[in-house]
Peer 1: 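Could you have a look at this structure, given as structure tokens, before my questions?
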Amino acid sequence: MLSTKRAKQLKPILFVLLLIPSFYWGYMFVQGYLGINPIEKLMDKLGEMALRLIILTLLVSSFADIKYFRALIIFRRMIGLFVFYYVCLHFLSYIILDHFFNIQFIIKDITKRPFITFGFISFVFLVPMAVTSKNSIIKKLGFKLWKKIHYLVYPVAILASMHFYMLVRANKTEPLIYVVIILTLLCYRLYKKI
């Protein structure tokens, strides 16, 4: 059984573990170690990390329903903010490195290509969740409204998994696994609510 005290002690370690990949991939990119298409590789790595962390957030919520794992809920907000961090890096890589601030092209890309549309909408949905993560804002909003805002994690999870699924052209096994995991976790949440 994980105690609340132990979970709080582990929080800084988890923070470092979640932060390290971004610095590692940044270093690999600067040094030219990300292969023939380093920008695409960097965007893929950051996007996949964000999707994995969305799944981890949903897993934490589900496992926290079990008495022995209740203390896991302490990690959820931090993991959720790291989702936003990696999505921001993923999106900034797309805007700055891939398209050099060509806003007209980016807007056309968002409206024309469905997988980009899904990715952009999931980013937009993440913004209110990230903004309302501070305790002071939760108090101002009230718990009920805050909870409704954070239900956006469910469409975010679906849109992000579809974004990845549609992005992959060849072997869709990995994105399909993510889609199945997310749908299973969402069905569990729905079952718990009913």
Side-chain angles (χ1 to χ4, degrees), residues 1-29 42-93 119 122-161 163-164 174 177-178 181-193:
M1 184 174 174
L2 181 68
S3 67
T4 304
K5 186 183 176 182
R6 184 69 181 140
K8 284 179 179 176
Q9 288 171 343
L10 291 171
K11 220 175 165 185
I13 297 166
L14 181 62
F15 180 90
V16 172
L17 288 174
L18 294 177
L19 190 62
I20 285 170
S22 62
F23 285 100
Y24 174 70
W25 294 323
Y27 170 78
M28 294 284 281
F29 176 77
L42 181 66
M43 283 195 298
D44 289 349
K45 292 285 185 188
L46 295 168
E48 283 173 38
M49 184 66 171
L51 184 54
R52 287 171 187 154
L53 291 177
I54 289 169
I55 292 169
L56 186 58
T57 307
L58 295 173
L59 277 169
V60 164
S61 296
S62 300
F63 274 108
D65 290 337
I66 302 163
K67 185 183 174 182
Y68 292 105
F69 300 110
R70 204 154 284 160
L72 284 173
I73 209 75
I74 287 167
F75 302 128
R76 188 174 63 181
R77 187 190 311 187
M78 186 173 71
I79 297 167
L81 287 169
F82 266 106
V83 169
F84 187 64
Y85 169 71
Y86 277 101
V87 168
C88 283
L89 290 179
H90 176 68
F91 192 47
L92 286 170
S93 300
S122 64
F123 167 71
V124 170
F125 283 177
L126 277 170
V127 173
M129 292 173 66
V131 169
T132 58
S133 285
K134 283 181 76 177
N135 287 333
S136 58
I137 294 172
I138 296 167
K139 283 178 185 175
K140 283 179 186 176
L141 290 171
F143 184 73
K144 282 187 179 179
L145 178 57
W146 174 84
K147 202 168 176 75
K148 282 178 183 176
I149 291 167
H150 283 254
Y151 281 144
L152 286 169
V153 71
Y154 304 126
V156 164
I158 293 164
L159 288 165
S161 61
H163 169 72
F164 184 43
E174 188 185 353
I177 289 167
Y178 290 151
I181 292 168
I182 285 168
L183 289 176
T184 304
L185 289 167
L186 294 184
C187 286
Y188 171 73
R189 299 313 302 169
L190 186 64
Y191 166 76
K192 284 291 291 182
K193 192 154 181 70

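From a predicted model like this one, the values you see are computed outputs, not experimental measurements.
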Peer 1: Please say which of Met78, Arg77, Arg76, Arg52 ends up in a side-chain contact (heavy atoms from CB on, under 4.5 Å) with Thr57.
Peer 2: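 Option passing the side-chain contact (heavy atoms from CB on, under 4.5 Å) with Thr57: Arg76.
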Peer 1: I would like to know whether Arg189 and Asp65 meet side-chain contact (heavy atoms from CB on, under 4.5 Å); could you show each step before the answer?
Peer 2: CA-CA 10 Å; Arg189 299 313 302 169; Asp65 290 337; 2.7 Å; yes
Peer 1: Measure the spacing between OG of Ser22 and CE of Met49 and express it to the nearest 0.5 Å.
Peer 2: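 Here the rounded value is 8.0 Å.
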Peer 1: Grab the two heavy atoms, one from Ala157 and one from Ile182, that are nearest each other, plus how far apart they are.
Peer 2: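 Distance-wise, the nearest heavy atoms are O-CD1, 3.5 Å.
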Peer 1: Which class fits the ring pair Tyr191 and Tyr188: parallel under 30°, tilted 30 to 60°, perpendicular over 60°?
Peer 2: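 Tyr191 vs Tyr188 ring planes: tilted.
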Peer 1: Taking the six-membered ring for Trp, is the centroid-to-centroid distance between Tyr85 and Phe82 below 6.0 Å?
Peer 2: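 Distance test on ring centres: under 6.0 Å, yes.
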Peer 1: I want to check something: taking the side chain as every heavy atom from C-beta on, are Thr132 and Lys140 in contact at a cut-off of under 4.5 Å?
Peer 2: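 A side-chain contact is absent here, since even the closest heavy-atom pair is not under 4.5 Å.
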Peer 1: Taking all non-hydrogen atoms of both residues, which atom of Ile73 and which atom of Ala64 are closest, and how far apart?
Peer 2: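 Between these two residues, the closest heavy atoms are CD1-CB, 3.7 Å.
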Peer 1: Nearest 0.5 Å please: distance from the OG1 atom of Thr184 over to the CG atom of Leu59.
Peer 2: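 So the gap between those two atoms works out to 10.0 Å.
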Peer 1: Going through the checks in order, is the side-chain contact (heavy atoms from CB on, under 4.5 Å) test met by Glu48 and Glu174?
Peer 2: CA-CA 10 Å; Glu48 283 173 38; Glu174 188 185 353; 3.8 Å; yes
Peer 1: Say you draw a straight line from CG of Leu56 to CG of Leu72; how long is it, rounded to the nearest 0.5 Å?
Peer 2: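 One finds 9.0 Å between CG of Leu56 and CG of Leu72.
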Peer 1: Provide the closest heavy-atom pair for Ser161 versus Leu51 in the form atom of the first, atom of the second, distance.
Peer 2: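 Minimum heavy-atom contact is N-CD1, 3.9 Å.
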Peer 1: In Å, rounded to the nearest 0.5 Å, how long is the span from OG of Ser3 to NZ of Lys8?
Peer 2: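 Here the rounded value is 10.0 Å.
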Peer 1: Can you tell if the side chain of Trp146 reaches within under 4.5 Å of the side chain of Ile137, non-hydrogen atoms only?
Peer 2: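 A side-chain contact under 4.5 Å is absent here.
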Peer 1: Give me the atom names and distance for the closest heavy-atom approach of Leu46 to Ser93.
Peer 2: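 Closest pair (atom of Leu46, atom of Ser93, distance): CD1-OG, 3.5 Å.
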Peer 1: With rounding to the nearest 0.5 Å, note down the distance linking CG in Leu18 to CD1 in Ile79.
Peer 2: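 If I round to the nearest 0.5 Å, the distance is 6.5 Å.
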Peer 1: How long is the straight-line distance from CD1 of Ile158 back to NE2 of His163, given to the nearest 0.5 Å?
Peer 2: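 Taking NE2 in His163 and CD1 in Ile158, the distance rounds to 15.5 Å.
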Peer 1: Do Pro21 and Tyr86 have side-chain heavy atoms sitting under 4.5 Å apart?
Peer 2: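 Answer yes - side chains close enough.
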Peer 1: Show the nearest heavy-atom pair for residues Ala71 and Ala7, with the distance to one decimal.
Peer 2: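 Closest approach of Ala71 to Ala7, heavy atoms only: O-CB, 3.8 Å.
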Peer 1: Looking only at heavy atoms, which two atoms of Met129 and Ile149 are closest? And how far apart?
Peer 2: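 Result for this residue pair: CG-O, 3.8 Å.
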Peer 1: Please examine the side chains of Leu152 and Pro128, heavy atoms only from C-beta on, and report whether any two atoms are closer than 4.5 Å.
Peer 2: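 The answer is yes, as the side chains (C-beta and beyond) meet within the 4.5 Å cut-off.
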Peer 1: Going by the ring pair (Phe, Tyr, Trp, His ring centres under 6.0 Å) test, name the single residue among Tyr68, Phe75, Phe69 that passes it with Phe63.
Peer 2: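 So, applying the ring pair (Phe, Tyr, Trp, His ring centres under 6.0 Å) to Phe63 and each of Tyr68, Phe75, Phe69, only Phe69 qualifies.
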Peer 1: Mind checking whether Phe91 and Phe123 have parallel, tilted or perpendicular rings, split at 30° and 60°?
Peer 2: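 Tilted, since the angle between the ring planes falls between 30° and 60°.
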